[in-house]
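Structure first, commentary second.
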Protein chains: 2
Amino acid sequence: MNKNTNKKSEKKIRSRNEIKILDAAVLLFSKKGFDGTRFMEIAKASELPKANVYYYFSSKNEIYERLIENVIQGWDNAFEHINLDLEPADAIDTYIGAKLDYARLNPIESRFFAHEMLRGGEFLTRKQRQHIRDVTRKHEHVLESWILQGKIRDISPQHFFIMLWASTEFYANFTNVVELTLEKRKLTKKDYDNARKTIVNSILNGCLKK
Amino acid sequence: MNKNTNKKSEKKIRSRNEIKILDAAVLLFSKKGFDGTRFMEIAKASELPKANVYYYFSSKNEIYERLIENVIQGWDNAFEHINLDLEPADAIDTYIGAKLDYARLNPIESRFFAHEMLRGGEFLTRKQRQHIRDVTRKHEHVLESWILQGKIRDISPQHFFIMLWASTEFYANFTNVVELTLEKRKLTKKDYDNARKTIVNSILNGCLKK
DNA sequence: ATAAAAACTGACATTTTTGTCAACTTTATA
DNA sequence: TATAAAGTTGACAAAAATGTCAGTTTTTAT
């Protein structure tokens, strides 16, 4: 009678299977991109028959678009509590820390999106583009206000922001290059901490001795 | 009698066609990666029949490996004249300028290699890996010596170097994100100059006002 | 001019991938 | 417990991609 005959029954079969499929898909896409991933591979990796995957998603396209949306939401969740209302030094430190945490904990999502950007972001909807633009602009405004208040030098907020994005995302997207550079087989939390210190220190104070 | 019946006859048909094929291939690979690119597409883009392409390259693999080698050589050529024996400020300025020039002028090669790194660099030979490592290490040594000489702060040369690489490569790999951020349809030389100024200024002197 | 080497190509067999469907099983609901 | 709805699947046809080859044309060297 009860809708739960056993404890572990997730509310919906649909939801459980969609997650299986999306998880398998994002991993494959993160390695080989949209065109490089076969529908059949996704089915295999999901441990579901192909026809069953078609039951949930009508095309590879549909899976991919769902993932794009999920990743963008993931960012919003990860960074919504970042408080830029601090003094520049603290704010930037926190921001870079958060970005590196994201890179460390979500490398698959990062690489997935890197593929999308490499192909030119063709799959992004107008709305999603706008959203990214809005978030970016908000950050730029913070920088601008710091400049106006004489708290930081007069530099291009856009390029500065890109530098932060680039420096942190790199650790997720090109982990193997970092490993090669650090001559380590696997990056540890400590490595990310060192990255953070180096980036923050260079960007805040510069590398030159005064 | 003369080996040139007409002026424009390139020395070798083989060489000309290989270039046609490699040019078409690197563009496709730069957009869709190795797995996402079909042999047939390369043939189409080369304007040669598929069987003709097979005459020159026995597999997609072979084309790809040739390109990897070419790109690595391209770097060596592009950066061999970079002189790091200057004072830190000048050296870093020159280096970042050269990297951004490369990003601006060779976006296809950059993206091609970005794909390769995203998939973990599986196609790189031991020798190529070692070469990259060696070049990187040389740069690190320069930084270390500056630190020892008290010319720059005591920061991790590895992470610092990664930051430079990341910040400059980003403009090639994710051009569309940059365009979105700058709200421009196409980046100009001027934009790259601004990037250079911002990166150099931040990294050398820091963004904080003293 | 001619023979050998290099370059070219249409056509074909094979393999891989795609997408659909009808039949079947499980789960939810009344 | 009956019935509808949701979920599952093997099997198949169609389409796309791969790789080869025999036969041809063009280029090179003598």
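Residue numbering restarts at 1 for every chain, and letters A, B, ... go by the order of the sequence lines.
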*Taking CZ from B/F34 and C1' from D/dT18, how many angstroms apart are they, rounded to a whole number?*
13 Å
*Nearest whole angstrom, please: distance from the P of D/dT8 to the CZ of A/R16.*
7 Å
*Run the numbers on B/H139 and B/L164 for side chain to side chain contact (heavy atoms under 4.5 Å, CB included), then give the verdict.*
CA-CA 11 Å; B/H139 293 159; B/L164 299 193; over 6 Å; no
*asked:* Ring-plane angle category for A/F112 and A/F29, please: parallel below 30°, perpendicular beyond 60°, tilted otherwise.
replied: tilted
*Side chains of A/N77 and A/Q73: is there a donor and an acceptor less than 3.5 Å apart?*
no
*For B/R14 and C/dA5, what is the distance between atoms CZ and P respectively, to the nearest whole Å?*
15 Å
*asked:* Within residues 41-50 of chain B, which residues have any heavy atom lying less than 4.0 Å from an atom of DNA chain C?
replied: B/P49
*Backbone N/O of A/Y56 and side chain of A/E18: donor-acceptor pair under 3.5 Å*: no
_5' priority, DNA chain D, between B/A51 and B/K60 [closest heavy atom]_ = B/K60
*Take B/E109 and B/Y102 through the test side chain to side chain donor-acceptor pair (under 3.5 Å) and record every step on the way to the result.*
CA-CA 9 Å; B/E109 285 74 11; B/Y102 184 85; 5.2 Å; no
*Looking at CG of A/L28 and CG of A/L67, how far apart are the two atoms once the value is rounded to the nearest 0.5 Å?*
10.5 Å
*For the side chain of A/R133 and the backbone of B/L180, is there at least one donor-acceptor N/O pair under 3.5 Å apart?*
yes
*With pairs taken as Watson-Crick or G-U wobble and both distances under 3.5 angstrom, which stems of at least three consecutive pairs involve DNA chain C?*
C:1-30 with D:1-30
*Protein-nucleotide distance (A/D35, atom CG; C/dT17, atom P), rounded to Å*: 14 Å
_Nearest-angstrom distance from the residue atom CE of B/M40 to C1' of D/dA16_ = 10 Å
*What is the distance from CD of A/E62 to P of C/dT18, rounded to the nearest Å?*
16 Å
*Please work out which of the three classes, parallel, tilted or perpendicular, describes the rings of B/W75 and B/W165, given edges at 30° and 60°.*
perpendicular
*asked:* For A/A172 versus A/P107, what's the shortest heavy-atom pair and its separation?
replied: CB-CA, 4.2 Å
*Taking only the side-chain heavy atoms of A/N52 (C-beta and beyond), determine which of C/dT20, C/dA7, D/dT9 contains the nearest atom.*
D/dT9
*Taking atom C1' of C/dA13 as reference, at what distance in whole Å does atom OH of B/Y54 sit?*
14 Å
*Look at all strands and tell whether A/F39 reaches a base, only sugar-phosphate, or nothing, counting heavy atoms closer than 4.0 Å.*
sugar-phosphate
*Shortest side-chain distance from B/Y55, nucleotide among C/dA7, D/dG19, C/dG19*: C/dA7
*Starting at atom CG of B/N17, determine the distance to atom P of D/dT27, rounded to an integer number of angstrom.*
12 Å
